[in-house]
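To start, the structure itself, in structure tokens.
Here is how names work: the chains are called A, B, and so on, in the same order as the sequence lines, proteins then strands, and each is numbered from 1. We use all heavy atoms of the structure for the numbers below, so side chains are in, but hydrogens, waters and symmetry mates are not.
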2 protein chains.
Amino acid sequence: MATIKEVAKRTGMSPTTVSRVINNHPYVDDKKRRIVLEAMDELGYVPNSSARRLRGQKTNTIAVIISRIVNPFFSHLVDAMELIAGEKGYQLILCDSRLDKERELRHLELLKAKQVDGVILASLQNDWETIKPFTKYGPIVMCNEYDRRAELPMIRCNQYEGGYIGTKHLIEKGHTNIAYAGGANRIELTYDRWKGFMKAMDEHGLTIPDEWMFPSFYGIEDGKNIFHRIYAMQNGPTAIFAGGDEVAAGIIQEAKRFHCRVPDDLAVVGYDDQPLASLIDPGITTINQPTKLMGTRAMEIMVDMIKNQRKVTFKEEILPLELVIRQST
Amino acid sequence: MATIKEVAKRTGMSPTTVSRVINNHPYVDDKKRRIVLEAMDELGYVPNSSARRLRGQKTNTIAVIISRIVNPFFSHLVDAMELIAGEKGYQLILCDSRLDKERELRHLELLKAKQVDGVILASLQNDWETIKPFTKYGPIVMCNEYDRRAELPMIRCNQYEGGYIGTKHLIEKGHTNIAYAGGANRIELTYDRWKGFMKAMDEHGLTIPDEWMFPSFYGIEDGKNIFHRIYAMQNGPTAIFAGGDEVAAGIIQEAKRFHCRVPDDLAVVGYDDQPLASLIDPGITTINQPTKLMGTRAMEIMVDMIKNQRKVTFKEEILPLELVIRQST
DNA sequence: CTGAAAGCGCTTACAG
DNA sequence: CTGAAAGCGCTTACAG
């Protein structure tokens with residue numbers, strides 16, 4: 001309610017001096033400083049954020065675009081980011097693209113309107129060509145998702161390795177008929193995963209028929225559907241590489257319901273190492289992603305770019321992935 | 001980059017007219033409108049959000065304070081809120097109290113600095129006395145959490161009923177030795193749950209020893225700890241009412257590991273009906289909360305209060321809870 | 001239908 | 001160490 005003017009009037013000083021006190025500026029007489037502080041307290045004065053934004057040309061706000069907050073992978077990612085943002089004095093605007101191009105773009109517009117100081121992009125429904133124009137409005141950092149053509153800081157995992165180690169594990173377990181539900185190849189992240197998958201297959205002279213490839217599946221229900229499609233096959237696969245633990249969980253749960261034994265009849269590799277991976281029975285063999293570290297680094301880099309006004313200091317941080325073996329393989 | 005002035009200069013019109021075009025004000029000559037629109041497009045002009053905030057004395061931003069985003073209950077709640085906020089033209093600031101009083105208070109300060117138009121409080125670490133002073137700075141809506149003394153809109157569930165039906169179910173299954181891990185009684189929400197629990201117990205002349213009460217437990221690890229404490233007891237309980245599915249899952253998982261049969265040796269009732277409740281084996285008998293509806297209603301009411309500048313139209317919406325029976329009981 | 005002017009609440013050169 | 005003045009980029013009475 002109270003403004004800087006009122007504090008000034010009440011203390012008989014100028015708004016300038018009051019402002020200096022607010023901002024811990026030196027060169028303010030100690031006695032005056034105390035008087036101003038007291039008046040601020042009495043009036044319950046708090047500097048108006050909108051005015052500071054306009055004047056200072058910064059918002060102390062960062063937008064985080066993710067694709068599905070109810071996916072534990074993203075809630076953990078956001079959790080890490082929120083913690084760092086808070087420590088550094090930034091607010092976090094949560095933007096859910098809901099796997100939708102238009103929504104993602106609309107959220108990116110926040111940068112144009114100077115509604116945020118920067119955007120962390122952890123969703124990538126659009127191509128780089130579409131995203132690129134936004135880079136001139138402010139800093140963008142990619143997190144988890146990436147694109148080879150992008151010249152932005154990218155904090156991400158080695159998805160090629162993820163595809164490779166998961167598949168190799170299945171092959172070492174004796175499987176030669178392996179299905180793949182690791183995501184659409186349109187997206188770089190999942191394309192690399194696919195390449196890792198194929199690398200392991202190639203090394204052992206294995207191939208995969210088209211019908212065993214399931215693109216664009218995300219949730220538990222999707223996993224159930226995949227199981228049914230496999231279950232209906234004459235000579236189906238004996239193992240499947242799933243692109244997420246939720247998909248893997250759906251497959252496993254439905255398999256159990258239909259008395260298909262996991263891993264004996266169907267081995268399953270998940271991805272993410274979410275809490276549920278160790279909770280369900282059999283536990284899901286999966287690829288652990290350093291989610292917390294990714295979120296932390298992305299936010300740290302974002303804040304660094306804002307504070308030091310760095311121009312696209314293009315750099316990529318590629319974090320290692322790890323195979324966690326449980327009972328589903 | 002471009003400002004309204006530059007658009008004005010380029011078109012030879014006044015900033016006033018440009019502003020009218022931006023805001024779809026009527027009474028602008030159609031031809032001029034087109035010229036302005038074209039200039040805006042060419043310049044890539046987007047109105048500066050900070051200036052609009054200051055001038056308009058509103059931020060079109062709402063803060064949501066939750067206590068733990070990695071808890072699926074909250075990620076689903078936030079998911080519903082984000083959707084509605086987007087539809088209504090509001091941005092959502094995610095504030096995680098991390099079950100910490102100070103953090104919660106610091107987030108409430110956003111209201112004082114007019115950094116948000118309103119706050120949805122879905123975390124309640126502080127007493128009502130501490131929260132109350134903030135109500136004069138802007139609208140606050142409580143969601144899920146509540147306090148009898150609060151005169152705010154509160155969208156919440158009937159926790160008394162939740163405690164009652166869950167416990168009654170256990171009693172009907174033949175249990176007389178029932179433990180309780182439904183949360184601290186300091187908080188109204190969990191106190192009501194406790195009262196519902198006791199109501200069911202009283203009706204059947206049952207009592208609970210102090211050692212069987214486990215306050216303030218939240219996650220999977222907590223559940224594991226609870227199991228071990230029960231497991232170590234001489235004449236322990238044969239059933240437990242847990243305050244969340246994560247706690248229940250932890251109990252169940254650890255029970256299995258120690259060859260304690262669920263539900264035969266230990267029956268478990270969870271709370272929330274999270275996805276994992278139906279994924280783990282045995283499935284968790286739990287209390288379904290209408291999470292999506294709660295989030296939706298809280299956000300709708302928040303937006304309504306902001307848009308219509310309603311003063312504390314104190315009202316409470318109490319949503320029904322439902323028992324979902326699975327295999328853990 | 002249109003524009004000049006004031007003002008939202010701050011902060012920052014600038015001058016003293 | 002202190003203050004008057006300008007200005008951040010808008011929108012809205014007000015006057016025409």
Heavy-atom closest contact (A:K114 atom, B:S50 atom, distance): O-OG, 4.0 Å
Does B:K32 place a side-chain N or O at less than 4.0 Å from the phosphate oxygens OP1/OP2 of C:dT2? yes
Integer-rounded Å distance: C:dC10 C1' and B:R52 CZ: 20 Å
Using whole Å, report how far CG of A:L54 lies from C1' of D:dC10. 8 Å
Return the pairing partner of D:dC14 with a 3.5 Å limit on both distances, Watson-Crick or G-U wobble; otherwise return none. C:dG3
Quiz question: by atom type and distance under 3.5 Å, do the side chains of B:N48 and B:R53 form a donor-acceptor pair? no
Nearest-nucleotide comparison on DNA chain C, the residue closer to the 5′ end among A:T3 and B:D29: B:D29
Nearest atoms (heavy-atom pairs only) where A:R68 meets A:D96: N-OD1, 3.4 Å
Side-chain N or O of A:Y45 versus OP1/OP2 of C:dC10: is the shortest distance under 4.0 Å? yes
Verify the contact: side-chain N or O of A:S14 to OP1 or OP2 of D:dG3, cut-off strictly under 4.0 Å; return yes or no. yes
Can you tell me if B:T17 touches the phosphate of C:dG3, counting only side-chain N or O atoms and a distance under 4.0 Å to OP1 or OP2? yes
Carboxylate-amine/guanidinium contact B:D79 A:R98, below 4.0 Å: yes
When we call it a touch if two heavy atoms are under 4.0 Å apart, what does B:R20 touch: a base, just sugar-phosphate, or nothing? base
Indicate whether OP1 or OP2 belonging to D:dG7 is found under 4.0 Å from a side-chain N or O atom of A:Q57. no
Within this structure, what is the NZ-to-C1' distance between B:K5 and D:dC10, rounded to whole angstrom? 11 Å
Testing D:dC10, D:dG7, C:dA13 for proximity to the side chain of A:R55, the answer is D:dG7
Give the nucleotide from the list C:dT2, D:dT2, C:dT11 with an atom nearest to the side chain of B:V28. C:dT2
Roughly, in whole Å, what's the span from CZ in A:R53 to C1' in C:dT12? 20 Å
OP1 or OP2 of D:dT11 versus the side-chain N and O atoms of B:N23: is any pair under 4.0 Å? yes
Quick one: is B:T16 getting a side-chain N or O under 4.0 Å of the C:dG3 phosphate, OP1 or OP2? no
